[in-house]
*Asks:* 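My questions will all concern the structure given below.
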Amino acid sequence: MMKRIAIIGCGGMGGGHAIAIGSGTGNAVYNADSSKELGTKIFGSAANTDISTKLELAGVYDINPDRMRWASDRGFALYDSYDAILKDTSVDIVLIATPNHLHKDMSIAAMRAGKHVLCEKPVMMNSRELEEVLAVSKETGFLFYPRQNRRWDRDFRIIKKIYDEKLIGSIFRIESRVQGSRGIPGDWRKEKEYGGGMMLDWGVHLLDRLLFMIPDQIQTVNCRLSYVLEEEVDDGFTMLITFAGNKSALVEVGTCNFVSLPLWYAAGTQGSAVIDNWRCEGKMVQLASWEDKDTVPIMAGAGLTKTMAPRDEKSLITHPLPDVVYDDNELYSNVVDVIEGKAEQIVTGEHALRVMRLMEAAIRSSETGETVRFEQ
C-alpha cells in the first residue's frame, strides 16, 4: 500500500529527498550535470525499486521562506508548520531533515503523533538522545529509521564485495577516507550547538559502512580531531580502529586537502585493492605465487633493501574492480516494507547506536590524547 511521507526541513538534504520522492525515481538530482560529474549512479537501473509505487510526497515545510518558494516552484505541496504535518492524518511517515540539534524532539513528537520516522544522519547529537528516541519507538510501536544511506554508495558496494568474497584473500587492513578542499559548509554545520563538525557529518557515514562490513568486536580506538581551519567544530579527523582477529582500519576525513588520497585501500593476504574516487576508478592486484620470494637488493634512497623490492610482473596479476548490481532505492523501499511487516529493518536503531558510541569514543580519545578501549 502506498505510504504518504512529509518532509520537515527542505534545505540541501530535504530538498534532495523532495526531488527523489516527488519524482518517484529516488534520484536526488539538482541539475543535468550531476550524474556526469561523478559518474557513479546508474539511473534507471533494472535493479532499482520503483518507489513511485510505494511512496507519495505529501508535502514539505521549512522555516526559511526562500526554501518554501523553491519547493512551491517545483510543484510540491506546502505545510505552514511542523504541527500541521503532525496533525495531518493522511501522513504515514515524517522525514526529518533539519539541523541535528532538532532531531530528538521532532522524532519523539512525530512518533507520539502516530507517525513513523525516517531521520537524517547523524540521527542524534549523542547516544543518550538516541536511547531516548529508541525507547519512544518501542513504547509507541512506530518505526524510527536512521537514514545512514552511504551503504548504497557504489564504491562501498565494490569494496564490500572484495571483502566478503575474499577476492584479495582475507583483508586485514582497510583504509576509508573522504577528502575535500572547500572547508566546512558555511551554514549551521560550523556551529557546535547545532551538531556541526565533520565527525558528525561524514564520520557517521564512514563508520556506519565500516561496522556494517566488519561486524567483529572493536578492541581499541585512537583518534585525533583536526581544527586546521580554526572553527569551533572539527574540520576533519584521523582515526585508527583495531578489531578482534588482527584487523585494523584507518578512517580519515579532511576538508583542506588539495590532493586527495584514494577513497579506499585494502590489504589482503593474497593481494591489494584501491578505489581512487567516486567514479570508482581503481584496481585489484593479486598475488600469483608466494614462491617467488628470491630477489636481489635494490637501491632505495640512500640504502639497500630486499624486503621492499618491488615484485616483477610474473608474480602479480592486475584485475579491474569487480562489478556490482544493487538497488539504489532499497533504503526508501525498506522503510515501507518494514512498516508493512514485509521485511527486516536494514539500518537499525541499534546499529546507529553502536556507531554513535564509537564516535563518542573517538572524540574522547582526541580530548585525552589516549587510546580508548571499546567493547572489551
Side-chain angles (χ1 to χ4, degrees), residues 93-97 100-112 115-153 156-157 160 163-164 176 195 199-221 223 239 241-245 247 249 251 326-327 330-365 372-376:
I93 307 164
V94 173
L95 196 164
I96 298 174
N100 304 331
H101 71 299
L102 300 173
H103 290 182
K104 185 189 87 166
D105 289 345
M106 285 185 163
S107 296
I108 290 174
M111 289 186 287
R112 293 206 182 283
K115 317 294 186 189
H116 302 284
V117 173
L118 174 58
C119 188
E120 264 294 346
K121 63 81 204 172
V123 286
M124 299 296 143
M125 298 278 278
N126 52 59
S127 60
R128 178 184 51 78
E129 287 189 353
L130 182 51
E131 288 170 345
E132 290 182 46
V133 168
L134 293 178
V136 174
S137 175
K138 184 176 182 180
E139 170 198 335
T140 62
F142 286 95
L143 176 68
F144 179 80
Y145 201 113
R147 188 181 177 264
Q148 293 172 188
N149 64 310
R150 288 194 173 272
R151 295 185 191 183
W152 285 268
D153 284 352
F156 173 66
R157 290 285 164 157
K160 188 174 186 297
Y163 181 90
D164 290 345
S176 171
M199 177 62 77
L200 285 176
D201 190 24
W202 268 99
V204 63
H205 280 314
L206 302 194
L207 296 177
D208 171 71
R209 299 190 305 185
L210 188 68
L211 300 194
F212 177 58
M213 180 168 59
I214 307 176
D216 306 61
Q217 182 189 62
I218 297 171
Q219 296 178 328
T220 62
V221 179
C223 182
M239 183 174 177
I241 304 168
T242 63
F243 294 88
K247 298 175 185 175
V251 182
Y326 57 96
D327 182 355
E330 189 174 17
L331 190 149
Y332 284 131
S333 178
N334 185 239
V335 172
V336 175
D337 289 346
V338 172
I339 291 171
E340 295 184 344
K342 297 177 180 178
E344 295 295 320
Q345 190 170 343
I346 295 175
V347 186
T348 66
E350 291 70 23
H351 181 88
L353 186 59
R354 188 178 184 225
V355 171
M356 184 65 69
R357 287 170 176 163
L358 181 57
M359 289 193 293
E360 290 171 343
I363 293 169
R364 190 161 65 251
S365 171
V372 173
R373 293 194 173 277
F374 193 80
E375 298 181 336
Q376 283 191 308

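Note that the numbering runs from 1 along the sequence shown for the chain.
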*Asks:* Answer yes or no: is there a side-chain heavy-atom contact under 4.5 Å between L210 and F243?
*Replies:* yes

*Asks:* Output side-chain donor-acceptor pairs under 3.5 Å for residues 201-209, partner residues at least two apart or in another chain, one line each.
*Replies:*
unit_1 : atom_1 : unit_2 : atom_2 : d
D201   : OD1    : K121   : NZ     : 2.6
D208   : OD1    : Q148   : NE2    : 2.7
D208   : OD1    : R151   : NE     : 3.4
D208   : OD1    : R151   : NH2    : 3.1
D208   : OD1    : H351   : NE2    : 3.0
D208   : OD2    : R151   : NE     : 3.0
R209   : NH1    : D153   : OD2    : 3.3
R209   : NH1    : D155   : OD2    : 3.3

*Asks:* Using 0.5 Å steps for rounding, measure from the CD1 atom of I363 to the CE atom of M199.
*Replies:* 5.5 Å

*Asks:* A side-chain contact here means heavy atoms from C-beta on lying under 4.5 Å apart; do L134 and F144 qualify?
*Replies:* yes

*Asks:* What is the distance from atom CG of L353 to atom CG of L358, rounded to the nearest 0.5 Å?
*Replies:* 11.5 Å

*Asks:* So does V372 get a backbone contact from the side chain of T220, meaning a donor-acceptor N/O pair under 3.5 Å?
*Replies:* no

*Asks:* Quick check: does any side chain N or O of H101 sit under 3.5 Å from a backbone N or O of G195, one acting as donor and the other as acceptor?
*Replies:* no

*Asks:* Once you round to the nearest 0.5 Å, how far does SG of C223 lie from CE of M359?
*Replies:* 11.0 Å

*Asks:* Locate the shortest heavy-atom distance separating V133 from S107; write the atom from each residue and the value.
*Replies:* CG1-CB, 4.2 Å

*Asks:* Supply the atom-to-atom distance Q217 CD to K247 NZ, rounded to the nearest 0.5 angstrom.
*Replies:* 12.5 Å

*Asks:* Minimum heavy-atom separation for R357 and S127, please, with both atom names.
*Replies:* CG-CB, 3.9 Å

*Asks:* So do the side chains of I339 and Y145 get within less than 4.5 Å of each other, counting heavy atoms only?
*Replies:* no

*Asks:* Side-chain contact test, heavy atoms from C-beta onward, threshold under 4.5 Å: evaluate it for R112 versus V136 and give yes or no.
*Replies:* yes

*Asks:* Rounded to the nearest 0.5 Å, how far does CG of N149 lie from CG of L331?
*Replies:* 6.5 Å

*Asks:* Which pair of heavy atoms, one from R150 and one from F156, lies closest together, and at what distance?
*Replies:* O-CB, 4.0 Å

*Asks:* Determine the minimum heavy-atom distance between F374 and A361, stating which atoms define it.
*Replies:* CD1-CB, 3.8 Å

*Asks:* For Y163 and I214: C-alpha separation, side-chain torsions, deciding distance, then whether side-chain contact (heavy atoms from CB on, under 4.5 Å) applies.
*Replies:* CA-CA 9 Å; Y163 181 90; I214 307 176; 3.8 Å; yes

*Asks:* Identify the heavy atoms of V221 and A362 that sit nearest to each other, and give their distance.
*Replies:* CG1-CA, 3.9 Å

*Asks:* To the nearest 0.5 Å, tell me how far L130 CG sits from R128 CZ.
*Replies:* 11.0 Å

*Asks:* Report, as yes or no, whether the 6.0 Å neighbourhood of atom CD on E344 holds more than 12 heavy atoms from other residues, nucleotides or ligands.
*Replies:* no

*Asks:* Check whether any side-chain N or O of H103 sits under 3.5 Å from a backbone N or O of P122 as a donor-acceptor pair, and report yes or no.
*Replies:* yes

*Asks:* Measure across I218 and E375 and return the closest heavy-atom pair with its distance rounded to 0.1 Å.
*Replies:* N-OE1, 2.9 Å

*Asks:* Can you confirm whether P146 sits close enough to Q345 that some side-chain heavy atom of one is under 4.5 Å from a side-chain heavy atom of the other?
*Replies:* yes

